[in-house]
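Since this is a predicted model, take the numbers as computed values, not measurements. Below, each value reflects all heavy atoms present in this structure, side chains not excepted, and no hydrogens, waters or symmetry copies.
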Amino acid sequence: MYFICIPPEKEVAFQPFFWRPARNPNQSTPYPVETLEKKYMCQGCPCLLYIGKADGQKGLRQRLRQYIRHGWGESGNHLGGRAVWQVSGCQELLVLWAVCQDPEQEERALLEAFQSCKNDYPLANWRS
């Protein structure tokens, strides 16, 4: 499991584009700034932006590498959490992690608990 968080002293502001534009503009589309601002204000947990699972063959290292490569505009294989790359100064964000036996189940449980408590998911987690 990993978590993308805001450092305590950081002010959150959003930009209408990704930190690094995708090499292929059809890979992913930025969210409207107004949508991000509204979701962030309503989530009630200003430090947590994203909850992700790392259940690939190479675990956390592989998943974070995919996530960061997407943020650098290099690949589209990690669309989850892409709103993080619209945070001004996103290169200053923190990554926290926890070891667990079943990342998929743990991610689901954490997201359900967050949604139950806050009536929404963290900023960069989107569920329908």
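In this structure, the side chain of Gln43 engages the main chain of Leu123 through a donor-acceptor pair within 3.5 Å. Side-chain N or O atoms of Gln86 include one that pairs as donor or acceptor with a backbone N or O of Gln15 at under 3.5 Å. Distance alone, capped at 3.5 Å, is enough to place a donor-acceptor pair between the Lys39 side chain and the Pro122 backbone.
Aromatic rings from Tyr31 and Trp126 are positioned such that their centres are separated by under 6.0 Å.
No side-chain heavy atom of Pro46 sits under 4.5 Å from any side-chain heavy atom of Val12.
Between atom CD1 of residue Ile4 and atom CH2 of residue Trp85 there is a gap of 7.0 Å, rounded to the nearest 0.5 Å. A distance of 6.5 Å separates OG of Ser88 from NZ of Lys10, quoted to the nearest 0.5 Å. In this structure, CD on Gln62 lies 9.0 Å from CG on Asp55, to the nearest 0.5 angstrom. Separating the CG atom in Leu49 from the SG atom in Cys5 is a distance of 7.0 Å, to the nearest 0.5 Å. Note that OH of Tyr2 is 5.0 Å distant from CZ of Arg63, once rounded to the nearest 0.5 Å.
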Let me have the donor-acceptor pairs involving side chains of residues 95-112, under 3.5 Å, with sequence neighbours excluded, atom names and distances please.
unit_1: Asp102; atom_1: OD1; unit_2: Glu104; atom_2: N; d: 3.4
unit_1: Asp102; atom_1: OD1; unit_2: Gln105; atom_2: N; d: 3.2
unit_1: Glu107; atom_1: OE1; unit_2: Lys53; atom_2: NZ; d: 3.3

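Here the closest heavy-atom approach between residue Val84 and residue Cys90 is recorded as O-CB, 3.4 Å. In terms of heavy-atom proximity, Phe14 sits nearest to Val87 at CE2-CG2, 3.8 Å. Contact detail for Ala124 and Tyr50: the closest heavy-atom pair is O-CD1, 3.5 Å. The shortest heavy-atom contact between Phe114 and Asp120 is CD2-O, 3.1 Å.
With sequence neighbours excluded, no residue satisfies salt bridge (charged side-chain N to carboxylate O under 4.0 Å, His left out) with Arg65.
Annotation for Gln91: atom CD counts as buried by contact number, over 12 foreign heavy atoms lying within 6.0 Å.
Using a 4.5 Å cut-off between side-chain heavy atoms of Ile, Leu, Val, Met, Phe, Trp and Tyr, with links allowed through other members, Leu94 and Ile68 fall into different hydrophobic clusters.
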